[in-house]
Amino acid sequence: MASWLDDPAVAHIDKEKLNFLQMLVFESNGLTKEQMLPFLMAVAKRGKDSHISFTQEEIDTIIKTLQKYAAPEELDKINKMVAMYRKKK
């Protein structure tokens with residue numbers, strides 16, 4: 001089965017960044033809506049501490065790619081996370 005990490009759309013994004021995201025997807029599995037915001041804030045801090053940041057173009061590309069590969073229940077979770085992210089900005 002193809003992975004979003006292998007999609008040509010994200011090929012230009014640093015592998016370290018993509019691996020960081022993959023780890024976060026794994027860690028966020030099973031979190032409730034109430035747990036998601038504290039988790040995302042901790043993720044932002046961890047990214048900053050690791051000097052990992054994403055351009056707006058990278059974020060948009062990653063979101064579109066994730067949505068393409070997501071199962072329906074995952075797509076709902078992704079859309080909620082994106083909405084929280086955009087609301088926070």
Side-chain angles (χ1 to χ4, degrees):
M1 181 175 179
S3 166
W4 71 273
L5 291 168
D6 300 321
D7 192 287
V10 297
H12 69 285
I13 300 173
D14 186 286
K15 288 292 180 205
E16 185 178 351
K17 291 180 180 184
L18 295 177
N19 289 334
F20 179 76
L21 283 179
Q22 183 68 15
M23 179 188 65
L24 297 178
V25 169
F26 178 75
E27 288 179 18
S28 70
N29 210 5
L31 292 181
T32 65
K33 184 179 165 186
E34 292 75 26
Q35 295 169 316
M36 193 56 71
L37 190 56
F39 173 76
L40 290 175
M41 302 206 39
V43 164
K45 182 179 179 345
R46 202 168 17 171
K48 189 175 182 180
D49 292 347
S50 301
H51 305 288
I52 294 175
S53 63
F54 296 88
T55 66
Q56 190 59 51
E57 180 186 345
E58 289 173 330
I59 291 168
D60 293 342
T61 300
I62 290 165
I63 290 168
K64 286 178 190 167
T65 305
L66 284 171
Q67 289 170 328
K68 187 164 71 171
Y69 287 85
E73 64 277 2
E74 293 170 325
L75 188 56
D76 186 49
K77 190 175 184 179
I78 291 168
N79 290 337
K80 286 177 182 171
M81 288 175 67
V82 169
M84 280 196 289
Y85 166 75
R86 293 215 163 105
K87 191 172 161 182
K88 193 182 109 183
K89 281 178 67 178

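Along the sequence shown, residues are numbered consecutively beginning with 1.
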**Q** Quick one: do Lys17 and Ile62 satisfy side chain to side chain contact (heavy atoms under 4.5 Å, CB included)? Show the steps, please.
**A** CA-CA 11 Å; Lys17 291 180 180 184; Ile62 290 165; over 6 Å; no
**Q** Check side-chain contact (heavy atoms from CB on, under 4.5 Å) between Ala11 and all other residues, then give those that pass, not counting sequence neighbours.
**A**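 Testing Ala11 for side-chain contact (heavy atoms from CB on, under 4.5 Å), a comparison that skips the adjacent residues, returns none.
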**Q** Using side-chain contact (heavy atoms from CB on, under 4.5 Å) as the criterion, list what pairs up with Leu5, not counting sequence neighbours.
**A**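 Leu5 satisfies side-chain contact (heavy atoms from CB on, under 4.5 Å) with Ser3, Leu18, Gln22 only.
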**Q** Please identify each residue that fulfils side chain to side chain donor-acceptor pair (under 3.5 Å) with Lys45, with sequence neighbours left out.
**A**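 Residues passing side chain to side chain donor-acceptor pair (under 3.5 Å) with Lys45: Asp49.
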**Q** Quick check for you: to the nearest 0.5 Å, what is the distance between Thr65 atom OG1 and Ile13 atom CD1?
**A**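 One gets 7.0 Å once the value is rounded to the nearest 0.5 Å.
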**Q** Drop me the distance from Gln35's CD to Ser28's OG, to the nearest 0.5 angstrom.
**A** 10.5 Å
**Q** Just checking Lys48: does its NZ atom have more than 12 heavy atoms from other residues, nucleotides or ligands closer to it than 6.0 angstrom?
**A** no
**Q** Please determine whether the number of non-hydrogen atoms from other residues, nucleotides or ligands lying under 6.0 Å from atom CD of Glu73 exceeds 12.
**A**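 Yes - once you tally the heavy atoms of other residues, nucleotides and ligands closer than 6.0 Å, there are more than 12.
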**Q** Only counting residues at least two apart or in another chain, list the ones meeting salt bridge (charged side-chain N to carboxylate O under 4.0 Å, His left out) with Lys64.
**A**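 Here no residue qualifies.
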**Q** Tell me every residue that passes side chain to side chain donor-acceptor pair (under 3.5 Å) with Asn19, counting only those two or more places apart in sequence or in another chain.
**A**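 Scan of Asn19 (side chain to side chain donor-acceptor pair (under 3.5 Å), adjacent residues dropped) gives none.
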**Q** Nearest 0.5 Å please: distance from the CZ atom of Phe54 over to the CD1 atom of Ile63.
**A**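 These two atoms lie 10.5 Å from each other.
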**Q** When you group the ILVMFWY residues by side-chain heavy-atom contacts below 4.5 Å and let the links chain together, are Leu75 and Leu40 in the same group?
**A** no
**Q** By side-chain contact (heavy atoms from CB on, under 4.5 Å), which residues pair with Glu27, not counting sequence neighbours?
**A**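 So Glu27 forms a side-chain contact (heavy atoms from CB on, under 4.5 Å) with Met23, Leu24, Phe39, Arg46.
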**Q** What residues, two or more places apart in sequence or in another chain, satisfy side-chain contact (heavy atoms from CB on, under 4.5 Å) together with His51?
**A**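 Checked His51 against side-chain contact (heavy atoms from CB on, under 4.5 Å); zero matches.
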**Q** Just jot down the salt bridge (charged side-chain N to carboxylate O under 4.0 Å, His left out) partners of Asp14, sequence neighbours excluded, or say none.
**A**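 Checked Asp14 against salt bridge (charged side-chain N to carboxylate O under 4.0 Å, His left out); zero matches.
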